[in-house]
Amino acid sequence: MPHKIGFTVVHASGEDERYRASELNAHGPTVVGWQSAHDCAYPQELILQLHSTATVQKIQVLAHQYLIPEKLELWAGNDVDDAEVQSSPTTAHFEYLGFITLSDNQNTGFTSRELKSVTVPSCVARYLKLRLHANHPNSLNVHNQVGLIAINVLGQHIDSPCTSSSASSEVEKPQSEQNNNGTGHEGTEASPSSASNNGNNNALLLVNNPKYTSPYDDLAFEMYVDQEVARIIRTMEAKKQQAVICERFEYARKLKLAMEDLRIAGERLSKYELEKRHAIQLEDYERAKLKKAQMDEYRHTVYRFLEVDDLLEINGPLAKNDECLEISMPGGKRPELPPPPRLLQVPGAPPGRDGGVPPSQSSPAMHQSPVSPLHLHSRPKSPAPPPCQHPKTSPTTSPTNLQPQGYQPPPNNLRGSQRRRKPSGGQGTPARTSYEAYEERTVPALRHCHTNTHREYQLDGAPETPTRSRLTEREKKQAALPIAVFGIELVEKFYSKQYSDKEDGLRLLKDELRALVSGDSTLDQQHNSPNKIARAAIFLLHRALRDKVYAVYSLSAEAIRLFFTEFVPARVTPAEVARSVDRLLPELLSKSGDPTPRIHNMAVHTILSMADCREVRDLHLIPVHLSRPLTSSTHPRLALSRLEMVEQLVLNQGISTEKQSGLTCRVLSEFGSSGLHHPAEAVRKVAERILTLVYRVNPRLVRKQLPPDDDITRRNLLYRQLFHEFDRIDIQRKKEILERNKQAAVTAAAAAAAAGGSGGQGSSSSSASAITSPSDTSQQDAPDDKMCIFCLSRADSFTEEGLNIHYWRSCPMLTRCTHCKQVVEIASLSQHLLEECEMRESYRKCEKCTEAVSYEHFEQHKSDSTCNPAEPPSASNHCPLCHCNIPPYEDGWRQHLMGLPCPNHPRKKHLKNRSKSPSTESKDITATQSTSSVHKSPY
């Protein structure tokens, strides 16, 4: 069956000085991986030499979180000369296996690593080559690098592991630098796994399942479990398979349970190892020493709790491993692992650190190993051994786990109720459970638990004195700038674990900012520029903004609004303002998607307040960030918050024409159309409103983002409602255009009448009376929502949707543009083709007949008989359908399109089936008679 194949990186086309290719030789929690050189040439190549010739079946690659290649090719080589690989690796012959693609990791915010496991065609190989192509571009990858954290090869050995110079050189290296990416049975000299015999090492090979792969050979296990614990787990895995073959099922069950617990403990130990290394980097050697002691103590406790030595059967099979045990625990659950010791509990830790009291070690029971869940019945009932009597030959013990010979436990200084009562009866002290063996330091008790006004704590009858939260060296380095600007006392309040201290710190910071605005501040402004003060304040506000206590979060949001509205104007440079927004905005956006309404509303209010600041508005940072297109995987609450904020920005600031503003018609239409495809209905509704706002400014651009407006598209309820709203906007726009044209015609007629004398005055007055009659009729009929405002017809089916269908299909005063499919009035069809249609660039106006004519047929049109000279608007209208002059004003259009009707009317068939109410017919007849009595028709 497949197992891990060890390898060594023998060639890399480039590497960073701090992240060399040799890092790939090892697997473990502390591995940092390989990274290419800065601004390197692609593709990059890595060549791996397997420890022995093997049949490769599976390859695993753990990618970097943001130095991610777009594609990774896999090559294998068997008949490759070692000297050729060393001298000219690029010309060596390799067989192509395939390629894998990696995600750009933007969905996780570059905080997760992608593990790719690919099954390759079985091939015999001694060398593997990985070819990495160009990186996915992102803001964190400044130098265009690629990187890998770990590589794992699974397969089956063909010959014995090689003993070449490259392999022998591993023996000469220190233990911490040796290659440990091979099988788990290599190089386990100082661990319990080394005691397994040769027969048990080959136990896995006896299982007749060639497709089975041990989960403990997977990178997901290797990279997160302590190396020593991982070797013990692999040895137990082999013994478990051997026990199944020998039908020792109880022993196999115990091994399985122990392996599960060891994996949990190994993950904890790996976490402590990372913390220890981080303390070493910060030169905090006291904490590193305590972490090392904590790891050794926890490792020793777990080994004794699980009785690892007995389970490994170092000296041969044990009868008690085959005995069936009934674990009698409350609820039928087996005992859990003992909790890891705190730094205060580690032997040798300085007493009284952080105001605590070291645990009492005078009791022998503190050094008694906890009861194992696997051997609960076999615990001897004799008195517990002394603290220093540990097994001398245990392979799981290390010198750091044992107490020194001259070690004296500190005296028991617990008093009163704080001291644990001794159990009565029995000669010796019984073994304590993991719960009883928990930390025994003094804990302050709440004195008045039933009131909120008196928060007094008392320890042994003495009132608690106010303590000041001290910063560690690491925290002082992180907050060096705020300390230099505001002082260490204010910064300590922000780092305190008491939320009341954080509230006090935020109030002091707000008072300091107000004092800087008014000029009453006591800060040294000669050495602290406004930019420096702003950067220090944003550092503290960002920390407080992430607090889980709502009172602290609310105060921090209030302080942020104060910072941008009062302190920033006329003080902070645009570059520093941009830096402040970039630091706060991601956290506020994440809070805007919070399910708690008050947290969500506070974040939205803060973002909009920042956007209203003139200095922030000029940088166009917030609209650009908010108006990025949505995806279907965006969380509904976060998507809804972004859409609502963009809608509010459009209403407050309007649609901009600057390309970098993030509020242009093109950006908003793309953003709104992306919201239309979101699975959440509330998100789609807000997206419709944004598209409607943009449509009022630029209809053509919005329709480009949507499917074609036809009957098939309108069957979709979402598009049907949206297009109906668009039709309503188009009709309203046409009405406004007609009103403007009427006013212009009336003004022109009045001017002509004034120039023509008294005869013109009579005509003008008659014309005015004829003009006002239709408008008066419209005003009287306006409250009737069952009437078409264009043809003045009434019907009971004219509901809101019925009127839309009437406008779309049968209204004789309207028609559909043959190019953009918009419904327009026939009276303004020429104006639509010249100014609003998508094909308006293909038309020009004929000065003779005032119609819109395409450029292709313009010359032919001028010589055609259909080009009838148009008369002034006060004398007649010009029909773009039949090219004739008709009576003026709206009554002339109704007479021509509904009474005659126009011979080229596209909706002529609907006029035959059109039914009018008596009131409508009488109004139409009255309007026609009024028009004919005033104007003498030339037709």
Side-chain angles (χ1 to χ4, degrees), residues 623 627-630 643 646-647 649-651 653-677 684 686-714 716 718-741 790 804 807-809 811 814-845 850-858 880 906:
S627 58
R628 293 175 181 172
L630 301 173
L643 283 162
V646 169
E647 181 186 16
L649 288 176
V650 172
L651 295 175
Q653 302 179 10
I655 297 177
S656 176
T657 56
E658 298 182 21
K659 292 184 178 180
Q660 306 299 328
S661 65
L663 293 178
T664 61
C665 291
R666 183 175 300 277
V667 173
L668 291 175
S669 59
E670 293 176 356
F671 178 61
S673 61
S674 66
L676 283 179
H677 301 91
R684 297 195 299 268
V686 184
E688 288 182 26
R689 296 203 299 264
I690 292 177
L691 287 175
T692 303
L693 292 174
V694 182
Y695 189 83
R696 297 179 184 276
V697 179
N698 195 330
R700 180 180 59 85
L701 202 56
V702 175
R703 287 188 178 270
K704 276 190 175 182
Q705 300 293 332
L706 302 175
D709 188 3
D710 50 21
D711 294 337
I712 298 177
T713 305
R714 286 188 177 243
N716 188 332
L718 174 66
Y719 291 117
R720 184 193 308 167
Q721 296 174 352
L722 189 60
F723 285 137
H724 284 173
E725 185 65 27
F726 290 169
D727 294 342
R728 191 178 295 109
I729 295 173
D730 292 337
I731 293 170
Q732 184 66 27
R733 184 184 293 113
K734 300 306 180 295
K735 289 177 61 178
E736 294 174 357
I737 294 174
L738 285 177
E739 291 296 331
R740 289 197 300 268
N741 292 341
F790 299 102
N804 288 332
Y807 297 152
W808 186 257
R809 293 181 179 177
C811 183
L814 306 177
T815 186
R816 293 176 65 181
C817 176
T818 57
H819 301 295
C820 64
K821 305 302 180 183
Q822 290 191 36
V823 177
V824 297
E825 283 190 85
I826 298 176
S828 60
L829 178 61
S830 298
Q831 185 176 3
H832 167 77
L833 292 174
L834 293 172
E835 298 178 1
E836 299 176 355
C837 184
E838 295 178 358
M839 303 296 294
R840 61 180 179 272
E841 297 178 356
S842 302
Y843 284 87
R844 61 175 298 183
K845 182 179 180 181
T850 68
E851 293 185 20
V853 184
S854 62
Y855 282 98
E856 299 178 0
H857 307 92
F858 188 76

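A quick note: this is a predicted structure, and the numbers were derived from the prediction, not measured. Throughout, residue positions are numbered sequentially from 1 according to the sequence presented.
With sequence neighbours excluded, the residues that form a side chain to side chain contact (heavy atoms under 4.5 Å, CB included) with Asp710 are Pro708, Ile712, Thr713. Scanning for side-chain hydrogen bond (donor to acceptor under 3.5 Å, both in side chains) contacts around Arg728 gives Glu725, Glu800, with sequence neighbours left out. Applying the side chain to side chain contact (heavy atoms under 4.5 Å, CB included) criterion to His677, with sequence neighbours excluded, gives Tyr719. Not counting sequence neighbours, Glu838 has no partner by the salt bridge (Lys or Arg N to Asp or Glu O under 4.0 Å) test. Taking Arg714 as the reference, Asp709, Asp727 meet the salt bridge (Lys or Arg N to Asp or Glu O under 4.0 Å) condition, with sequence neighbours excluded. Checked against salt bridge (Lys or Arg N to Asp or Glu O under 4.0 Å), Glu825 has no partners two or more places apart in sequence or in another chain. With sequence neighbours excluded, the residues satisfying side chain to side chain contact (heavy atoms under 4.5 Å, CB included) with Gln831 are Ile737, Asn741, Ser828, Glu835. Here Thr692 pairs with nothing under the side-chain hydrogen bond (donor to acceptor under 3.5 Å, both in side chains) rule; sequence neighbours left out. In this structure, the side-chain hydrogen bond (donor to acceptor under 3.5 Å, both in side chains) partners of Arg689, at least two apart in sequence or on a different chain, are Glu647. By the side chain to side chain contact (heavy atoms under 4.5 Å, CB included) test, Ile731 is found to be paired with Lys735, Ile789, Phe790, Tyr807, residues two or more places apart in sequence or in another chain being considered.
Interatomic distance, CZ of Arg628 versus OG of Ser674, reported as 13.0 Å (0.5 Å rounding). Considering SG of Cys665 and NZ of Lys704, their distance stands at 12.5 Å, rounded to 0.5 Å. Taking CG of Asn716 as the reference point, atom CD of Gln721 lies at 9.5 Å (rounded to 0.5 Å). Leu829 CG to Lys734 NZ: the interatomic distance, rounded to the nearest 0.5 Å, is 10.0 Å. Atoms CG and CZ, from Asp711 and Arg809 in turn, are 6.5 Å apart once rounded to the nearest 0.5 Å.
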Which side-chain N or O atoms in residues 850-858 pair as donor and acceptor under 3.5 Å with protein atoms at least two apart or in another chain?
| from | atom 1 | to | atom 2 | distance (Å) |
| --- | --- | --- | --- | --- |
| Glu851 | OE1 | His883 | ND1 | 3.0 |
| Glu851 | OE2 | His878 | NE2 | 2.6 |
| Glu851 | OE2 | His883 | ND1 | 2.9 |
| Ser854 | OG | His857 | ND1 | 2.9 |

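Nearest heavy atoms, Gly675 versus Ala687: C-CB, 3.7 Å. For the pair Leu691 and Ser673, the tightest heavy-atom approach, listed with the atom from each and the gap, is CD2-N, 4.0 Å. In this structure, Tyr695 and Arg733 approach most closely via the heavy-atom pair O-NH2, 3.5 Å. Closest non-hydrogen pair, Leu663 versus Gly654, comes out as CD1-O, 4.0 Å. Taking both residues in full, the closest heavy atoms of Ala827 and Leu738 are given as CB-CD2, 4.5 Å, listed atom of the first, atom of the second, then distance. Pairing each heavy atom of Ser627 with each of Val667, the nearest pair is OG-CG1, 3.6 Å.
In this structure, the side chains of Cys817 and His832 come closer than 4.5 Å at one or more pairs of heavy atoms. At a threshold of 4.5 Å between non-hydrogen side-chain atoms, the residues Asn698 and Ile655 do not count as touching. Annotation: side chain of Phe723 is not in contact with side chain of Lys821 (no heavy-atom distance under 4.5 Å). Inter-residue side-chain proximity for Val823 and Arg816 is flagged as met; some heavy-atom pair is nearer than 4.5 Å. Counting heavy atoms from C-beta outward, Leu643 and Ile690 have side chains that approach closer than 4.5 Å. Considering only heavy atoms from C-beta on, Leu701 stays 4.5 Å or farther from Val694 through its side chain.
When the shell of 6.0 Å around CZ of Arg720 is examined, it contains more than 12 heavy atoms from other residues, nucleotides or ligands. Enclosure of atom CD in Gln653 by more than 12 non-hydrogen atoms of other residues, nucleotides or ligands within 6.0 angstrom is indicated. Applying the 6.0 Å contact sphere to CD of Glu736 captures more than 12 heavy atoms from other residues, nucleotides or ligands.
In this structure, Arg696 contributes its side chain and Leu693 its backbone to no donor-acceptor pair below 3.5 Å.
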Please lay out, stage by stage, how Glu688 and Leu676 fare under the test side-chain contact (heavy atoms from CB on, under 4.5 Å). CA-CA 7 Å; Glu688 288 182 26; Leu676 283 179; 3.7 Å; yes

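Applying the side chain to side chain donor-acceptor pair (under 3.5 Å) test to residues at least two apart or on different chains, the pairs with a partner in residues 661-672 are Ser656-Ser661.
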